[in-house]
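Have a look at the structure below, then the notes.
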Amino acid sequence: MCKASYQPASGLATSSSAPGQRQVIDTPQYYTVYGYTANDIRVQLNKCTPLGGGTSVHYDGETTWYLNYAYDYQPDIYGQCYLTNVAVGLHVAFVYPSWQATQYTAAGVSSNWQNFLSKLDTHEQGHKSIAVQYANELYSGLQSFPHGSCNTTPQSATSYDNNKIANLNQSEADYDTQTNHGISQGAVFP
């Protein structure tokens, strides 16, 4: 029986009344697979993974993130507006497969599984690092956002935020393309 659900990352309570940067990195969640041979386990991975977004493509592990922000703006002594009370929140969640060896497990399967999990974790930690990098850049960029017309500062800041998140999405896609979703990093079982 497959456990085929998990909770992806969601928005953190982020408010300009509590400025600063907040990051929450969840403890990994797991879906269970069974089998005595590498082939049995591979079939279970394909069948039980909750990952793939309803497409025909399925993944063994996944990292999700949610990046949100808040800020106020006010005029300076020259009538130009600047951002204040910048708050940025990043929530990261992981999901991995879980398998336990038994006395009936074929020779070598346990060590292959441990190697696979290690490589899968390396790949997923890369996704986390990208999200953390962009959250830090967003926070820093908003804190040093240039003063501008009070009529355009809100729209300019929103455009900056949206651009930063679009760049994060593209970096994530590029990382998966470069690593073939972890395959070139050895995240393959069997």
Is the closest side-chain heavy-atom distance between [X] and [Y] below 4.5 Å?
| X | Y | result |
| --- | --- | --- |
| Y71 | T14 | no |
| F189 | V33 | no |
| S184 | T179 | yes |
| Y31 | L45 | yes |

Measure the spacing between [atom1] of [X] and [atom2] of [Y] and express it to the nearest 0.5 Å.
| X | Y | atom1 | atom2 | value |
| --- | --- | --- | --- | --- |
| I25 | Q125 | CD1 | CD | 8.5 Å |
| L83 | L142 | CG | CG | 6.0 Å |
| N163 | S156 | CG | OG | 12.0 Å |
| I41 | N46 | CD1 | CG | 12.0 Å |
| D40 | T105 | CG | OG1 | 10.0 Å |
| L168 | W65 | CG | CH2 | 3.5 Å |

Starting from the C-alpha separation in whole Å, work towards a yes-or-no answer on side chain to side chain contact (heavy atoms under 4.5 Å, CB included) for L90 and Y69.
CA-CA 9 Å; L90 174 66; Y69 51 87; over 6 Å; no
Is there a donor in the side chain of Y59 and an acceptor in the side chain of D176, or the other way round, less than 3.5 Å apart?
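Side-chain D/A pair, Y59 to D176: absent.
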* To do: Using atom types as modelled and distance alone, determine if a side-chain donor or acceptor of T37 lies under 3.5 Å from a backbone N or O of A106.
  =>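 Side chain of T37 to backbone of A106: no pair is present.
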Side-chain donor/acceptor of Q185 to backbone N/O of K119, under 3.5 Å
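Pair absent, no side-chain N/O of Q185 close to backbone of K119.
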Practice problem: Could you name each residue pair satisfying side-chain hydrogen bond (donor to acceptor under 3.5 Å, both in side chains) that touches residues 140-154, not counting sequence neighbours? | Solution: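 Residue pairs with at least one partner in residues 140-154: D76-H147, Y139-Q143.
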Between S17 and S15, what is the shortest heavy-atom contact and its length?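 Closest approach of S17 to S15, heavy atoms only: OG-OG, 2.7 Å.
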Checklist line | Over all atoms of both residues, closest heavy-atom pair of A87 and A18 | finding: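 In terms of heavy atoms, the two residues are closest at CB-O, 3.8 Å.
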Can you pull the disulfide bond (SG atoms under 2.5 Å apart) pairs that have at least one residue in residues 91-180, sequence neighbours excluded?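 Applying disulfide bond (SG atoms under 2.5 Å apart) to every pair that reaches into residues 91-180, excluding sequence neighbours, yields C81-C150.
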Can you pull the disulfide bond (SG atoms under 2.5 Å apart) pairs that have at least one residue in residues 106-147, sequence neighbours excluded?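 Every pair satisfying disulfide bond (SG atoms under 2.5 Å apart) with a residue in residues 106-147: there are none.
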Would you please test Q170 and D174 for side chain to side chain donor-acceptor pair (under 3.5 Å) and show each step?
CA-CA 6 Å; Q170 186 61 55; D174 292 347; 2.7 Å; yes
Quick one: list whatever passes side-chain hydrogen bond (donor to acceptor under 3.5 Å, both in side chains) with [X], sequence neighbours left out.
| X | answer |
| --- | --- |
| S171 | Y134 |
| N169 | none |
| Q74 | Y82 |
| Y73 | none |

(message) Hydrophobic clustering (ILVMFWY, side-chain heavy atoms < 4.5 Å, transitive) - are Y66 and V132 grouped together?
(response)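 Hydrophobic grouping puts V132 apart from Y66.
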Worksheet entry | SB check K128 D26 (cutoff 4.0 Å) |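 Salt bridge absent between K128 and D26.
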task: Mind checking salt bridge (Lys or Arg N to Asp or Glu O under 4.0 Å) for R22 and listing every partner two or more places apart, or none if nothing turns up?
output: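 Partners of R22 under the salt bridge (Lys or Arg N to Asp or Glu O under 4.0 Å) test: none.
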All salt bridge (Lys or Arg N to Asp or Glu O under 4.0 Å) counterparts of K164, not counting sequence neighbours =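 Per chain and number, K164 pairs via salt bridge (Lys or Arg N to Asp or Glu O under 4.0 Å) with E137.
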Applying side chain to side chain contact (heavy atoms under 4.5 Å, CB included) to V188 and R42, what does each step give before you reach the verdict?
CA-CA 10 Å; V188 180; R42 178 74 260 164; 5.8 Å; no
(message) Can you pull out every ring-ring contact (aromatic ring centres under 6.0 Å, His included) where at least one residue sits in residues 156-177? Sequence neighbours excluded, please.
(response)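 Sorted result for residues 156-177: H123-Y175, H127-Y175, F145-Y160.
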Inset, instruction - For H91, check ring-ring contact (aromatic ring centres under 6.0 Å, His included) against everything at least two apart and list the hits. - result: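 With neighbours one apart ignored, the set is empty.
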For residues 93-102, dump all side-chain donor-acceptor pairs below 3.5 Å to protein atoms at least two apart in sequence or in another chain.
unit_1: Y96; atom_1: OH; unit_2: D121; atom_2: OD1; d: 2.6
unit_1: W99; atom_1: NE1; unit_2: G35; atom_2: O; d: 2.9
unit_1: T102; atom_1: OG1; unit_2: Y104; atom_2: N; d: 3.1

